[in-house]
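What follows is one structure encoded as structure tokens, with my remarks underneath.
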Number of protein chains: 2
Amino acid sequence: MSEKHQLTLKDIAKELGLAVSTVSRALKSHPDISKETIKLVKDYADKHHYVPNLLAVNFRKSKTYNIGLVIPELVHQFFSTIISGVIKEANEYGYNVMICQSNEHVDDEKKVAKALLNSRVDGVIISLSNETDEVSHLKDFIAADIPVIQVDKISDQFDTPKVIVNDYAGAYQAVSYLLDLGYKRIAHIRGRLIVQHSNERYRGYAEALEKHGQSVNEDYVKVCDLLTEDEGFHFAQELMSLPEPPDAFFCVTDLVALGVMKYLREKDIKVPDEVGIIGFSNWKLGEIVSPTLCTVDQPGYEIGEKAMQLLLNKINNGMESPNERVVLNADLIVRESVKKQ
Amino acid sequence: MSEKHQLTLKDIAKELGLAVSTVSRALKSHPDISKETIKLVKDYADKHHYVPNLLAVNFRKSKTYNIGLVIPELVHQFFSTIISGVIKEANEYGYNVMICQSNEHVDDEKKVAKALLNSRVDGVIISLSNETDEVSHLKDFIAADIPVIQVDKISDQFDTPKVIVNDYAGAYQAVSYLLDLGYKRIAHIRGRLIVQHSNERYRGYAEALEKHGQSVNEDYVKVCDLLTEDEGFHFAQELMSLPEPPDAFFCVTDLVALGVMKYLREKDIKVPDEVGIIGFSNWKLGEIVSPTLCTVDQPGYEIGEKAMQLLLNKINNGMESPNERVVLNADLIVRESVKKQ
DNA sequence: ATTGATTGCACAAACGATTGCGAGAATGTC
DNA sequence: GACATTCTCGCAATCGTTTGTGCAATCAAT
């Protein structure tokens, strides 16, 4: 069953008394080759389980069929969902995905970028680290004719196709929902000022308030640094100690929302009756805590799929193709941490 | 900065008036080449940023420097941790990791196995799906001289190096801890009977009881099918309705433990004072719920690292090397869901 | 000065698939 | 029957690197 030596075109050619080139063309049904020869070759190849040597093919075509995927961290539900989408789409077209982590550090990001460049990937999908504020290391890819797609955390300093989630609309929807439910004083625990996401979500928050005749009360807006549960806990404490504490929290991410929830539970403040909470990102654990966490879903899988499609398009149709910007919807998922309608 | 044409050995040879072979050997400091020539070549290569064409190198060596990693599902904290360990170790030695999901289905597992075979990976690391009960599709790898390492969910029908966690010892430690804290009636919500993990954890549970002068009360043992939170909730309900309900739960996995916790909270049963809970796997969310969940940590990252090391060993030292079986410790992580000591 | 060993490098084949070009056979045209 | 056209296929180069072998030149020993 298992030969020591993998079957090659040469073997087939010798066996069939044909030239290697003829066999090669026959397998591709090249018009230069007669129907009979094609059938002969294909039958023989099938029968003996010929499978082209990928190394040789790739070498010849100087294509690695590898694409690089750079993400802040692998062990993270949102990113692993993206990865899953990328891999599924990539495999469908015969590409492998090399996963690299930046660990949210721009230095690591530069390191893996260089490694990907050296390993001659056919393309790159990247979600920037929180630290990244300049993208010179990415422009090297373009210089080397390697297409890049940005997803999720993107930089507008760098003109590539992009796949992002409509953070603004998701946030707007969430805050509007809170207002419609009758919550009056909505706090926002937001992310860092240099992160586009945070800004977009803040914008959604602000505009939803304004649309409902309120204006942003800066006392109700807190800026997280690391987006941890502790920060959520801490800011909840601060906010709930105000003379007029908020009656709802819209948090930049679920983990922070859970920190808020923890504080409220400790203080025996009822969620959702006294205070409502909405998070962002739809982490698994939001379904498990109780009350379950109302959140905004980010379609990670679709982001991955779409990004890979855009990348394939760039790879095949060249760098001249326009740099599309795909915006996916972030939808509110209503759960127990907000009042019933 | 960016040449259209990547620098090759030929270019260097022509420029330096040497033969291609000399340049090649010089770059590797081959003893046949004089010190001066070596320096000359290396300096030139450095200066002009020569980087060997991986495609050509791999082709020549007929090595893909790709390894396959087959796991049940990517979007799962434990597996993504393993992946992370594998990738880190693989990258250190210039290998890429192709991640494939079996989705816990043996059919998908067979499919990806065939794909990996065709893509001529240099080796495979696999964690079997829950459905897998025969391993013929894996023996194809051995027939093709592609080394395989099994991790976590393994089959003893298939003689390869293996990396597993000492589930037995972890469970034993957990249950002993409960007993030492004074819990008397310890229930066990376990996994399916055909899954080796579950059996090992059960064994640890049983032996810990016996060591402490108890014997297993089968009324206190429940078998989960899908390991969901709902099952935990449900079995907690059943068990707490017994005339003599348990005063502690040892659960096969954290998610089930959280289901138990949810039920107890609904019934206002105090954790850990009235009932203690220990889970298994150390999921992120166990740190976030309150009370935080006591659990047994499975060192996913180390599993991945070690598996990759074993694979590299097989790849480099040939198939004759002995099939080591590495057993890593699963350590108890004490948190709030059990009484203080 | 002849032999022998050693050093330092070049030549060329090889890996397996792809592809431009050309050649021979078969067929058709006048 | 001479010539052009079409159909099939083979030849050979090519991608960039590695590596076995051979060949001068140098040096030492006899």
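Basis for what follows: all heavy atoms, side chains included, without hydrogens, waters or symmetry-related copies. Convention: sequence-line order gives letters A, B, ...; per-chain numbering from 1.
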- Ring of B/F59 versus six-membered ring of C/dC15: centres under 5.5 Å and planes under 30°? yes
- Query: Touch check for B/L18, heavy atoms < 4.0 angstrom, all strands: base, sugar-phosphate only, or nothing?
  - Reply: sugar-phosphate
- Message: Under 4.0 Å, counting only non-hydrogen atoms across every strand here, what does A/S21 touch: a base, just sugar-phosphate, or nothing?
- Response: base
Distance check needed: [N] [atom2] versus [X] [atom1], whole Å only.
| X | N | atom1 | atom2 | answer |
| --- | --- | --- | --- | --- |
| A/K14 | D/dG10 | NZ | C1' | 16 Å |
| B/K63 | C/dC15 | NZ | P | 19 Å |
| A/E36 | C/dA26 | CD | P | 14 Å |
| B/L27 | D/dG16 | CG | C1' | 13 Å |
| B/L9 | C/dC11 | CG | P | 15 Å |
| A/L7 | C/dA17 | CG | C1' | 13 Å |
| B/R25 | D/dG22 | CZ | P | 14 Å |
| B/I38 | C/dT7 | CD1 | P | 13 Å |

- Parallel, tilted or perpendicular: ring planes of B/Y65 versus B/Y95, cut at 30 and 60 degrees: tilted
- Query: Is the closest basic N to carboxylate O distance between B/D140 and B/K114 below 4.0 Å?
  - Reply: no
Distance below 4.0 Å between [X] side-chain N/O and [N] OP1 or OP2:
| X | N | result |
| --- | --- | --- |
| A/S24 | C/dT18 | yes |
| B/T22 | C/dA10 | yes |
| A/Y50 | C/dA17 | yes |
| A/S34 | D/dC9 | yes |
| B/K28 | D/dT19 | no |

- Query: Looking at the side chain of B/T37, which of D/dG16, C/dC9, C/dG16 is the nearest nucleotide?
  - Reply: C/dC9
- Given DNA chain C, 5'-ward residue of the pair A/V20 and A/D32, judged by closest heavy atom: A/V20
- Query: Quick one: are B/V124 and B/I146 in side-chain contact, heavy atoms under 4.5 Å?
  - Reply: yes
- Measure across A/D11 and A/Q6 and return the closest heavy-atom pair with its distance rounded to 0.1 Å. OD2-O, 3.7 Å
- Message: For the residue pair B/K47 and B/Y44, would you count it as a cation-pi contact if the rule is NZ or CZ under 6.0 angstrom from the ring centre and within 45 degrees of the ring axis?
- Response: no
